[in-house]
Structure formats: C-alpha cells, structure tokens
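In what follows, a single structure is set out as structure tokens and then discussed.
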Amino acid sequence: MSDIIMMGGSAGATGDAPHDAVHAFERHRAELRASKRVWNILLLAGFAICLGLSIYISQFYPDRLASGVPRIFEYFGTIIPDLQWDLLFEGRTEEGRAVPGSLTYWYTDFWDYVGLIFETILMAITATLLGTFFAFILSFSASANLAPSRWAYWISRRVFELSRGIPEILLALVFVFMIGIGPLAGVLAIAIHTTGALGKLFSEVNENASSRPIEGITAVGGTWAEKMAYGVVPQVAPNFFSYAMLRFEINVRASSIIGFVGAGGIGQELNRVISFYSDDRVLAVLILVVLTVTVIDLISERIRHGFIGKENF
C-alpha cells in the first residue's frame, strides 16, 4: 500500500512539472516584454530630447525658413544671364568678340570649363582607384570572421574610422598647405576618405560571405591569403564593384567641392567666379557641373547594373 501511495505521489509531481515549466516560461516572457517596453520608452524619450535640442541649437523654425526662402531667389536673380531671343544664337563678330545677350557671350570660357570638368573627372577616377585598392587590401583583416588576428582586426578598423572620420575638405586643406594648390591635393584627400568609406562597406560584405568555401580550402591546407583569394573574393566581387562605382559617383561631386580650397578641378573655378564676379558666370559653371554629375551617374549606374546582372546570370 505504501508503494502505491509513493507511486501516486511521484505521478502527481511529474504531472505538475510541465505546468511549472510553462508557467516559468510565460513569466520570463512577460518580464522580457516589460523590459523591452521600458527600453523603447527610454529610447523614444531620448530621441525626442535630442530632436528638441537639435531644433533649438540649429534654430530650425518655420518662420525663419519662410523669411529666408525669398533671399534664395534674390541671389539667383543676380546670376541669371541677360539673354535676348533675337541674339541668342549669334556668333562672334569680325573682331572676335561675343555679342552680349547671346549664348556665346554667356559661355565665353566654355572650353576652359570643359577642360576643368575633365580634370575633375580624372581626379575622381584616380582617387576612386587608389581608395578602392587600399580598402580592398585592408577589408579582409577588418572583417570579424576573417581577420588573421585580433590586433590586425583592431588596427584595420581604426584606420578605416580615421580615414572616413576626417572631412574631405579638411584633408584637402592640409594637403594644399603641404604640397601646394593643384589636383594632387584633391586626389589624395578623396582617396583617403574613399578608403575609409569603402573599407567599412567591403568588410561588412565579407562578414556576410559563406564560410563553406573557406572551410574547404582550410581542409586542404590553404594559407590565409589563399582562403581570401579563392574562398571570399569570388563571392564578394560583384558587391565590391557595385560599391566602388557608387563611390565614383560620389567622388565626382566631392571633386567639384574641394576645389573651393584650391584642390583643383571645376570647383576651383566655381570658387573664383563666386568670389570675384558673382554674375551669370556662376550659373554657367553650376549648370555644367550638374550636367556632368548627372551624366556620370547615369553611365555608372548602367555599368554597375550590367556587371551585377552578368554575375547573377
């Protein structure tokens, strides 16, 4: 009889165990949900405080914006050319002078602008190639799943952060002071920033690569460099190319901006006409810059999509 009672007690305890486990699970789940709710409220409150402070510090007020918008049109009113329809397509006179009110008169320095835009594109190409090369080399050691050592990972990450953390225009100022006015200063500044920006993107692509090819190469005794070259690069090459082309588009714009500090390109001419003239020549240069950037964007987009499409196919 005592054995029967003990067996019954054991059965009762065993029957209560699943109920206790479910109860513990539900209690823990409720605690997690409550903790998540508290953190969401805290993050939302922190975001609201930061947003309010940013609006206050920047004085981002509707009335201030409304009063400033008309001034934009006032400035553009000073740089709009005085074109006359009956003289719009007039060429140069026998003395070689352009007729006021014509497109020829407005774009008197057209070929100088074209030469500077070509220089700007070459600056962007050179800087993109240099930045892509160094980003490619360092991206593997900057990937958490591929780094050969902890120190290599830490150093590579800090190099990328330092490279992209310093604004391009500040780097250009330093190089202009160091090596003088000209395109070389701009190329070096953009290349350093490109290394940091692409390095971060490349390393994140590496961290998403499949580990199976690497394990296969490891099994046959491959070195770290061989694992990167044959196990990782074939997987990440299309994304690397896509990011590099996108960065080239950005560098064309950057090359137009850093010219303001004497780093060559069309930006240097734009700074000159704004500083000394502030007339229709400003708009003439701006239009060419916008057209150039637009064409570059369209061409690079077609190349990028075509390359990715072929790889996927």
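Fair warning: this is a prediction, and the values are worked out from it, not measured in the lab. FYI, the numbering just counts along the sequence from 1.
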Using the side chain to side chain contact (heavy atoms under 4.5 Å, CB included) definition, which of the options Leu116, Thr120, Ile117 pairs with Glu269?
Leu116
Minimum heavy-atom distance between Asn206 and Asn145, given as atom pair plus value:
O-ND2, 3.4 Å
Atom pair CZ (Phe248) and CG (Leu198), whose distance is rounded to the nearest 0.5 Å:
13.0 Å
Ile166 CD1 to Ile192 CD1 distance, which is reported to the nearest 0.5 Å
7.5 Å
Please identify each residue that fulfils side-chain hydrogen bond (donor to acceptor under 3.5 Å, both in side chains) with Lys200, with sequence neighbours left out.
Glu204
Tell me whether Leu291 shares a hydrophobic cluster with Trp111, the cluster being built from Ile, Leu, Val, Met, Phe, Trp, Tyr side chains joined at under 4.5 Å.
yes
Closest non-hydrogen atoms of Ser143 and Ser139, given as atom of the first, atom of the second and distance, are OG-O, 2.7 Å
Give a yes or no answer on whether the side chain of Glu168 reaches the backbone of Ile258 with a donor-acceptor pair at less than 3.5 Å.
no
Atom of Thr195, atom of Gly131 and distance for their closest heavy-atom approach:
OG1-CA, 3.4 Å
Contacts of Arg157 meeting side-chain hydrogen bond (donor to acceptor under 3.5 Å, both in side chains) (sequence neighbours excluded), chain-then-number -> Glu207
For the CD1 atom on Ile181, are there more than 12 heavy atoms of other groups (residues, nucleotides or ligands in this structure) within a distance under 6.0 Å?
no
Quick one: do Phe260 and Val252 end up in the same hydrophobic cluster if we chain Ile, Leu, Val, Met, Phe, Trp and Tyr together by side-chain heavy atoms under 4.5 Å apart?
yes
Starting from the C-alpha separation in whole Å, work towards a yes-or-no answer on side chain to side chain contact (heavy atoms under 4.5 Å, CB included) for Arg29 and Leu32.
CA-CA 5 Å; Arg29 182 181 179 186; Leu32 290 177; 5.7 Å; no
From CH2 (Trp39) to CD1 (Ile41), nearest 0.5 Å
12.5 Å
Phe136 vs Phe140, ring-ring contact (aromatic ring centres under 6.0 Å, His included): CA-CA, chis, key distance, verdict:
CA-CA 7 Å; Phe136 177 83; Phe140 301 101; 5.2 Å; yes
Closest heavy-atom pair, Gly196 versus Arg164, reported as atoms and distance to 0.1 Å, is O-NH1, 3.4 Å
Apply side chain to side chain contact (heavy atoms under 4.5 Å, CB included) to the pair Met245 and Arg302, showing each step before the final yes or no.
CA-CA 10 Å; Met245 290 299 297; Arg302 292 291 297 273; over 6 Å; no
Heavy atoms only: give me the nearest Ser255-Met123 pair and the separation to one decimal.
OG-CB, 4.1 Å
Are Ser163 and Phe134 packed together at the side-chain level, in the sense that at least one heavy-atom pair is separated by less than 4.5 angstrom?
no
Do Tyr107 side-chain atoms and Ala284 backbone N/O form a donor-acceptor pair below 3.5 Å?
yes
For Lys36, is there any backbone N or O sitting under 3.5 Å from a side-chain donor or acceptor partner on Asn40?
yes
For the CD1 atom of Ile190 and the CG atom of Leu130, what is their distance to the nearest 0.5 Å?
11.0 Å
Salt bridge between Arg212 and Glu215, side-chain N to carboxylate O under 4.0 Å?
no
Could you state whether Val273 and Val289 fall into the same hydrophobic cluster, counting links through intermediate Ile, Leu, Val, Met, Phe, Trp or Tyr residues with side-chain heavy atoms under 4.5 angstrom apart?
yes
Donor-acceptor contact below 3.5 Å, side chain Ser203 vs main chain Gly199:
yes
Would you confirm whether Ser300, through its side chain, and Asp297, through its main-chain N or O, come within 3.5 Å as a donor-acceptor pair?
yes
Hey, does Thr132 have a side-chain heavy atom less than 4.5 Å from the side chain of Phe202?
yes
Could you pull out all residues at least two apart from Arg64 that satisfy side-chain hydrogen bond (donor to acceptor under 3.5 Å, both in side chains)?
Gln59
Determine whether more than 12 heavy atoms belonging to other residues, nucleotides or ligands lie under 6.0 Å from atom CZ of Phe60.
no
Side-chain heavy atoms under 4.5 angstrom apart, residues restricted to Ile, Leu, Val, Met, Phe, Trp, Tyr: same cluster for Leu246 and Ile303?
no
Under a 4.5 Å cut-off applied to non-hydrogen side-chain atoms, are Arg150 and Trp154 in contact?
no
Does the pair Leu171 and Leu188 meet the rule for a side chain to side chain contact (heavy atoms under 4.5 Å, CB included), with working shown?
CA-CA 8 Å; Leu171 289 171; Leu188 293 176; over 6 Å; no
Under a 4.5 Å cut-off applied to non-hydrogen side-chain atoms, are Tyr113 and Phe118 in contact?
no
Quick check for you: to the nearest 0.5 Å, what is the distance between Ile217 atom CD1 and Tyr230 atom OH?
8.5 Å
Nearest heavy atoms of Tyr153 and Ala147, plus distance in Å
CB-CB, 3.6 Å
Output the distance between atom CD (Gln235) and atom CG (Asn208), rounded to the nearest 0.5 Å.
10.5 Å
Do Asn251 and Thr194 meet the criterion of a side-chain donor-acceptor pair at a distance under 3.5 Å?
yes
Does the side chain to side chain contact (heavy atoms under 4.5 Å, CB included) test come out yes or no for Phe175 and Val187, once each step is laid out?
CA-CA 10 Å; Phe175 285 120; Val187 169; over 6 Å; no
Out of curiosity, does Ile257 fall in the hydrophobic cluster containing Leu288 (side-chain heavy atoms, cut-off under 4.5 Å, transitive links)?
no
So does Arg158 have more than 12 non-hydrogen atoms from other groups sitting under 6.0 Å from CZ?
yes
Would you say that Ile214 contacts Leu146 through its side chain, given a criterion of any heavy-atom pair below 4.5 Å between the two side chains?
yes
